Every structure is written in structure tokens, then in C-alpha cells.
Amino acid sequence: MAPHADDSKGFPLASGPAATSELFEVSSPNVVYTDNEIKSKYTYRTTSVTKGNDGKFVAVPKETVYDFKVDRKIPKTGVMLVGWGGNNGTTVTAGILANRRGLTWETKTGEQAANYYGSVLMSSTTKLGTDANTGEDVNIPFHQMLPMLHPNDLAIGGWDISGMNLAEAMDRAQVLEPTLKQMVRKELAAMKPLPSIYYPDFIAANQEDRADNLLPGSKACWEHVEEIRKNIRDFKAANNLEKVIVQWTANTERFADLIEGVNDTAENLIEAIKSGHEEVSPSTVFAVACILDKVPFINGSPQNTFVPGAVALAEKHDAFIGGDDFKSGQTKMKSALVDFLINAGIKLTSIASYNHLGNNDGKNLSSQKQFRSKEISKSNVVDDMVAANNVLYKEGEHPDHCVVIKYMPAVGDDKRALDEYYAEIFMGGHQTISLFNVCEDSLLASPLIIDLVLVTEMMTRIQWKNTSDSKDYSGFHSVLSVLSYMLKAPLTPPGTPVVNALAKQRAALTNIFRACVGLEPESDMTLEHKLFA
Ligand SMILES: NC(=O)c1ccc[n+]([C@@H]2O[C@H](COP(=O)([O-])OP(=O)(O)OC[C@H]3O[C@@H](n4cnc5c(N)ncnc54)[C@H](O)[C@@H]3O)[C@@H](O)[C@H]2O)c1
Ligand SMILES: O=P([O-])([O-])O[C@@H]1[C@@H](O)[C@H](O)[C@@H](O)[C@H](O)[C@@H]1O
């Protein structure tokens, strides 16, 4: 009998965890396994560079020894989506249900089985090491690097300003095959998003016609914070959960003005909400509600949810936050291609990025203020790669870069991304790369929602301390920049650099997980294959 859900309960857990036992153990004097923990001593090696009076760099190898501790017990976890009734929300919910039940369905090209393609954790591998006998690479599923939650075990719930149940909303989204929809319709029909907060000025006016599932009040108030906190507590209790993670996959909001005395500090932000300040957005109200109860909050949209006061509040409460803006298709390709071109010594001089899409996201983005949020997140993605190459680019020099998004209802969720990359090459030559990339937006974004939940939940079970310190273990910084691989505009701890290069982002995630079990970073040097045969 398929599991049933109701408003506050969301979508209950599967019967029994799908997670498999751990695939490997590290045999090292620096790694200790107990029933509940993996403890490791990890030497972090970096190179500290200074510039001498003669202008010459001096590079000094540095070593810092850290103790890492990983909780091996995988908690019963739920995810609550803000915007649950949207294209992404309905698609990821149906996708997890289909995987949990091992569904196959007929399509025009034959039978299709449920999968987690597009999830870096569930469908990619990472190199563990080399075979002691053959010297061949030994690659394992990324998901097996640490004792990680399995998406099949997730309870799912959430909020939407639209009161449609998930089956009707799935039809409205027009993303999934009718044959698959038919197989999950009954379960989704039993799921209804919780009423949400709606402050009209923050999203396009064209969204008003779906706003029929609202909490009273059209601007920030403390009752909204308390109601959201209660919703999360009720969902956790109803599903007998140990942990809940909240993700914003609701409409893109306009940027909030940063106002001293309103959203510049934690205290001012709390006061601004209590006094009903109109510059506090719904996404910031959700973030504050989550932070106060140390519920991790991830922003999958481009708006500046995390105003300085929200970041400060998260740091104050040791709560995890992450964002911004899922990196699903056009930008993911850009962050890989630009990384390749510039690191190949090719001088990229112009990027023209156009896309059109016909889903409700595109409808909301047809409004200038909401588009501006997206334009910013899509435009900044090359900055670090350009700045890192002072051979090609002088100080302050960068490629021309334009971003255009047009709402074309006919194409629905199947966004068309058209890009032209123009570059200078050897001796005055030029290279022009033209891409036509059909991104089925929700089918690309849904695995990112899953990866963001899995990595965020994993980070709540990792602690560290500097071996030389006597102080206790602590968690990573509140701002989870380790999530950057899944996001267009990575949020980083205040004052730290933003890395958008896709390969670097993936390497950071891989090597932090490796460090947690006392393994060196994967360097791909393979000296064993270069020094001797
Ligand atoms: N590939 C992708 O789909 C992709 C990539 C990057 C970012 N995003 C972002 O993800 C978000 C969702 O994308 P989508 O295609 O699912 O859009 P969508 O419009 O289909 O879904 C958004 C949902 O949010 C709801 N909503 C709006 N304001 C709300 C509020 N205050 N509280 C609760 N619900 C609210 C809407 O009713 C709608 O159901 C958008 O902001 C989009 O820009 C999507
Ligand atoms: O992730 P990506 O494909 O570069 O960017 C996408 C944009 O191209 C699209 O216009 C927008 O609707 C999506 O929300 C997403 O942001």
C-alpha cells in the first residue's frame, strides 16, 4: 500500500532505510572507527606566499593538523520545500517517489526506469585510490565516500502560495511523462502544500492569480516566523524525524535593499520583522525562522535572501545556510567551458548568453525586477576565473558578458540556452564557440535539490578541531560554501573568496570528504605511472 501523507505530515519515510553499508575502510594510524564515529587526524598542506622587497615571491610550505569527527549514524531526515507546488518541487517529489518504488514506465522510446541522473552524489564516482596490484584507478560512487543519507529515505513536505495538491501541480508543471504521472498520482494527490507568506512586491505581479493558499499578512511580521517554526516542528514530529532541511525553490524575488538599521545586523533584522518593515522579503523570513531553530536553510533562487543581518544571525546561532541559485544548465556549462578556455591560455573576450523558457519561472522572470536578480547571479560566474589569469587579463579587464532571458510559453520547461563564446587565440586569430543547449530545467534542477540536501545533512555530522588546540570540536562555518558546485552564485563566509570554476568546486567537495576519513586530496599526479613503468 503506497504511503499516504497529509498537509502537516508531508510525504512519509520509506519503509526502512535504503542506505547501504559503508563500502570501504581506511587502514591508517590516523583513522579510528567506532560504532558511532570515524575520527581522523588530517594534515592540511598549503603554500603560504609572500613577496620580497625585490618583488620576488617566496613560497613557504605550511602544515596544519586537524582532527575530524564524522557521526556515522544516518538520521531520519526530511526536506521541506518552499515552493513545493512548483515545477521543481513537484518534479523532485515525483522523482524520489519513483526511485523509492523502483518504478519503470512506458515512453515513446521504450521502457524508462527511475534514476538519479544529474545528481553528483548519486550518479557520479570519485577515485578512492589505485589498485595495490594492478595500479588501476579504483573509483567508487560519490555517495559512498562518507556514510550519507539516501534520497529514497527522505520525508518531503513544504509550502506554496498556490493551494493545488501535488498531483494537480505536477500536471500544471507539464514536466513528467503521463505514464509516470499516472503511477505517482495517487500519492501526490494526498500531498497539499502548507499555506505560505506572500508579500506581492517581491515577486512578479503575474504570480498573483496562483496565490490562493496564504497566511494572513502581506508584509513581514513575527507571527509569520513563529508559524513557519511551528510548521517545521509539526512536520518533524509527524514523520518522527531527527532532522529537517528547508530549501527555497519558490519564485525568484527582487533584491531587497540593504538598509542600515534594518537588515545590517542580526538584532536589527529581528526588530525589522517585528515592526513589519516592508523591505524584509518572504525568503528572508523563512531563513530567519529556520536559523532560530538551527534548521539548515538553502536558497535555490538568485535573490539576496541572506542580507547581512541574516548571515550574522546564522553565525550567532551556529545555523547552516547556503545558496544562491541552483546551477542547472546554461551556467553550469559556462562555468566549465570558461574554466577550460582561460586555463588553456585562450583569451575569452565576449560571452553572449541568451535563453528563453516557457515555464512559470520564466513568467516570473519576465518582470524586470525579478529578472535583475537572475541576471546578477548568471553574470558573476566567470569573475574568479578571469581574475586568476593576469597573463591574459590586465587588472580590471574582463570579457563582455550579456545575459538575456525571454519568456516564451510554447517551450514550457524545456529552456533553450543559446550561447556564443568569442576568444582571441594565437597571433591575432579568433575562436567562436556557439552552443544551442536545450535544458529541461526542472529535470536538471531536481537532482541539485537532492544533492544540496545530502551534502547539507552530511555537513551537520562533521566536526573539526585544530589538533594543537585543546578546545572542543566545532562544526564548519555557518555559510556552507562547500555547496558551491550546485549553485550559480555561491554564498561564502564574509570576506572569503568566491570560487565558480566548476572543477575546483567539485575538487573541494571531494577532498573535504576525503579529509574526513584521513585521506590525502586526489591530485591526479599518478607519479607511479610517470616515474617508472
Ligand atoms: N533549472 C531550474 O529550474 C532552476 C535553476 C536555477 C534556479 N531556479 C529557481 O528555482 C525556483 C523555482 O523554479 P521553478 O521552475 O520550480 O518555478 P515555479 O514557478 O514552477 O515554482 C515556484 C513555486 O513557488 C511558489 N511560490 C512563490 N512565492 C512563494 C512563497 N512566498 N512561499 C511559498 N511558495 C511560493 C509558486 O506558487 C510556485 O509554485 C525559481 O526561483 C527559479 O529561478 C530554477
Ligand atoms: O542554471 P541555468 O540554466 O544557468 O539558469 C537558468 C536560467 O537559464 C533560466 O532562465 C531560469 O529560468 C532558471 O531558473 C535557471 O536560473
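Whatever order the structure lists them in is the order used to number ligands and atoms, beginning at 1. Quantities reported herein were computed from a predicted structural model and do not represent experimental measurements.
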Could you tell me which non-hydrogen atom of [X] sits nearest to which non-hydrogen atom of [Y], and how far apart they are?
X	Y	result
Asp212	Gly163	OD1-N, 2.7 Å
Phe255	Asn304	CA-OD1, 3.3 Å
Glu397	Leu392	OE1-O, 3.8 Å
Glu227	Leu215	CG-CD1, 3.7 Å

Hey, does [X] come in under 3.5 Å of ligand 1, counting only N/O atoms on both sides?
X	result
Arg172	no
Trp248	no
Gly89	no
Phe326	no
Asn88	yes

Any nitrogen or oxygen of Gly329, side chain or backbone, less than 3.5 Å from one on ligand 2?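 It does: an N or O of Gly329 is found under 3.5 Å from an N or O of ligand 2.
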One residue to check: Asp441. Relative to ligand 2, which of side chain, backbone, both or neither has a non-hydrogen atom less than 4.0 Å away?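 Near ligand 2, Asp441 shows its side chain, while the N, CA, C and O stay back.
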Lys332, portion touching ligand 2 at heavy-atom distance under 4.0 Å: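 No part of Lys332 comes within reach of ligand 2.
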Who's the nearest protein heavy-atom neighbour of [atom], and how far?
atom	value
atom 11 (C) of ligand 2	Asp361 OD2, 3.4 Å
atom 6 (C) of ligand 2	Lys415 NZ, 3.3 Å
atom 8 (O) of ligand 2	Asn355 ND2, 2.6 Å
atom 15 (C) of ligand 2	Lys488 NZ, 3.5 Å
atom 7 (C) of ligand 2	Lys378 NZ, 3.4 Å

If we only consider heavy atoms of Asp325, is any one of them less than 4.0 Å away from an atom in ligand 1?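 Judged by the 4.0 Å heavy-atom criterion, Asp325 does count as contacting ligand 1.
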Is the closest heavy atom of Lys374 to ligand 1 under 4.0 Å?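 A heavy atom of Lys374 does come that close to ligand 1.
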Test the Lys347-Tyr393 pair against the cation-pi criterion, namely NZ or CZ under 6.0 angstrom from the six-membered ring centroid and within 45° of the ring axis.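 Yes, a cation-pi geometry.
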Heavy-atom nearest option to atom 4 (O) of ligand 2, drawn from Asn364, Leu444, Thr331: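 The option holding the nearest heavy atom is Thr331.
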